[in-house]
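Throughout, a chain's letter reflects where its sequence line sits, starting with A, and its residues are numbered from 1.
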There are 2 protein chains.
Amino acid sequence: MTNKKNYRIGVDVTLDVIDGKWKSSILCFLGQGPQRFGQMLRYITEISPKVLTQQLRELENDGLILRTDYEQNPPKVDYRLTKSGKSLRKLLIEMSLWGENQVNEWQKQGKSVTLQTYDHSGFVKFPSSII
Amino acid sequence: MTNKKNYRIGVDVTLDVIDGKWKSSILCFLGQGPQRFGQMLRYITEISPKVLTQQLRELENDGLILRTDYEQNPPKVDYRLTKSGKSLRKLLIEMSLWGENQVNEWQKQGKSVTLQTYDHSGFVKFPSSII
DNA sequence: CAGTATCCTTGGGGATACTG
DNA sequence: CAGTATCCCCAAGGATACTG
């Protein structure tokens with residue numbers, strides 16, 4: 001979402017804001033505290049700088065994250081969750097729980113689905129090994 | 001999601017299952033009870049039969065909806081939420097609430113965003129006029 | 001009624017190289 | 001370090017016509 005949006009239903013707002021291949025990962029990562037651009041790049045190893053920038057800009061425009069430029073040289077910039085971002089975080093946790101249950105369901109039914117990792121102690125956890 | 005999926009985090013499972021331009025609408029509509037193919041086509045006016053079929057098949061494969069063929073002529077088929085689908089419904093309601101709050105936030109900030117309609121009396125409401 | 005079958009378009013994201 | 005700039009590709013959807 002960027003400009004002049006008209007949503008059909010509330011869910012679509014939430015989905016629009018979270019959608020983007022890496023946004024959930026970014027938001028989860030920022031749930032652990034402010035992070036710098038390079039850290040995120042190294043953490044989410046499959047993402048390219050271009051795409052990371054895109055997703056960050058969108059999240060910023062949607063008011064979920066705040067970008068802070070420390071105006072230094074060499075440059076230092078970090079990103080953190082805003083109030084909205086933090087409230088979304090709670091929702092993401094519930095979505096995680098549902099997703100984990102659903103994976104269990106699928107596995108019971110013999111479907112080959114795997115979930116790399118999760119952790120309920122506060123928020124989704126990212127062992128560096130899995131990203 | 002259809003086959004041999006490997007998810008990074010729980011949220012991604014939920015997002016994968018809901019993603020698809022019309023899935024949220026379909027799930028919300030089915031929240032009102034079983035519906036037939038033609039009804040859905042007429043309700044979600046912008047969707048084409050091909051795409052509706054696609055999305056329904058995916059929801060069915062993911063175990064969120066159940067397709068019942070009454071083996072009649074002329075054909076009669078309906079779709080309803082499964083147990084998983086119903087549990088997802090509760091999550092969708094929370095996502096709706098978050099989305100509605102976020103729209104209020106945006107509007108306070110002067111952004112031009114609109115939300116067609118919502119209703120908290122049980123579930124998202126779809127006045128036929130708006131779809 | 002409940003779908004298939006075809007053909008076509010679009011934009012989100014990937015890969016890589018470059019810069020203040 | 002924190003990004004831009006280019007070029008490229010593919011799968012999700014759209015439009016329309018047809019069928020058991």
Tabulate protein N/O versus nucleotide N/O from nucleotides 13-19 of chain C, keeping only pairs under 3.5 Å, one per line.
| from | atom 1 | to | atom 2 | distance (Å) |
| --- | --- | --- | --- | --- |
| dG13(C) | OP1 | K21(A) | N | 2.7 |
| dG13(C) | OP2 | Q55(A) | NE2 | 3.0 |
| dG14(C) | OP1 | K21(A) | NZ | 2.9 |
| dG14(C) | OP2 | W22(A) | NE1 | 3.3 |
| dG14(C) | N7 | K50(A) | NZ | 3.4 |
| dG14(C) | O6 | K50(A) | NZ | 2.4 |

Exercise. In dot-bracket notation, what is the pairing pattern of DNA chain D, taking Watson-Crick (N1-N3 plus N6-O4 or O6-N4) and G-U wobble (N1-O2 and O6-N3) contacts under 3.5 Å, with [ ] crossing and | for other strands?
Worked result: ||||||||||||||||||||

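For the pair L52(B) CG and dC1(C) C1', the computed distance is 13 Å after rounding to whole Å. Summarising the geometry, the separation between OH on Y70(A) and P on dG3(D) is reported as 13 Å, rounded to the nearest angstrom. Look at CG on L56(A): it is 16 Å from P on dC1(D), rounded to the nearest Å. Rounded to an integer number of Å, the gap from D78(B) CG to dC1(C) P is 15 Å. Computed from coordinates, the Q39(A) CD to dA2(D) P distance equals 8 Å when rounded to whole Å. Between the CG atom of D69(B) and the C1' atom of dG3(C) there is a distance of 11 Å, given to the nearest Å. Between F37(A) atom CZ and dG20(C) atom P there is a gap of 17 Å when expressed in whole angstrom units. Note: CG (L41(A)) to P (dG3(D)) measures 10 Å, nearest angstrom.
In terms of position along DNA chain D, the nucleotide closest to Y79(A) lies nearer the 5' end than the nucleotide closest to the other residue of the pair P75(B) and Y79(A).
Contact between the side-chain N/O atoms of R42(A) and the OP1/OP2 oxygens of dA2(D) is not found at any separation under 4.0 Å. Note on R57(B): a side-chain N or O is less than 4.0 Å away from OP1 or OP2 of dG3(C).
S84(B) and E105(A) share no donor-acceptor pair across their side chains, judged by distance under 3.5 Å alone.
Summarising the geometry, atom CD belonging to E58(A) is positioned 10.0 Å from atom CG belonging to D19(A); distances are rounded to the nearest 0.5 Å.
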For this session: Might you work through the salt bridge (Lys or Arg N to Asp or Glu O under 4.0 Å) test for K76(A) and E71(A), ending with a clear yes or no?
Result: CA-CA 7 Å; K76(A) 178 180 174 184; E71(A) 314 261 353; over 6 Å; no

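Considering only the side chain of R36(A), dC1(D) comes nearest among dT4(C), dC1(C), dC1(D).
Hydrophobic clustering, with ILVMFWY side chains joined whenever heavy atoms are under 4.5 angstrom apart, groups I47(B) together with Y43(B).
With sequence neighbours excluded, no residue forms a salt bridge (Lys or Arg N to Asp or Glu O under 4.0 Å) with R57(A).
Contact annotation: the side chain of D78(A) never approaches that of Q35(A) to less than 4.5 Å [non-hydrogen atoms, C-beta and beyond].
Remark: side-chain polar atoms of T14(B) are paired, donor with acceptor, to backbone N or O of M95(A) under 3.5 angstrom.
The aromatic rings of F37(A) and Y79(A) are tilted relative to each other, their planes meeting at an angle between 30° and 60°.
A salt bridge links E46(A) with R8(B); the closest basic N to acidic carboxylate O contact falls under 4.0 Å.
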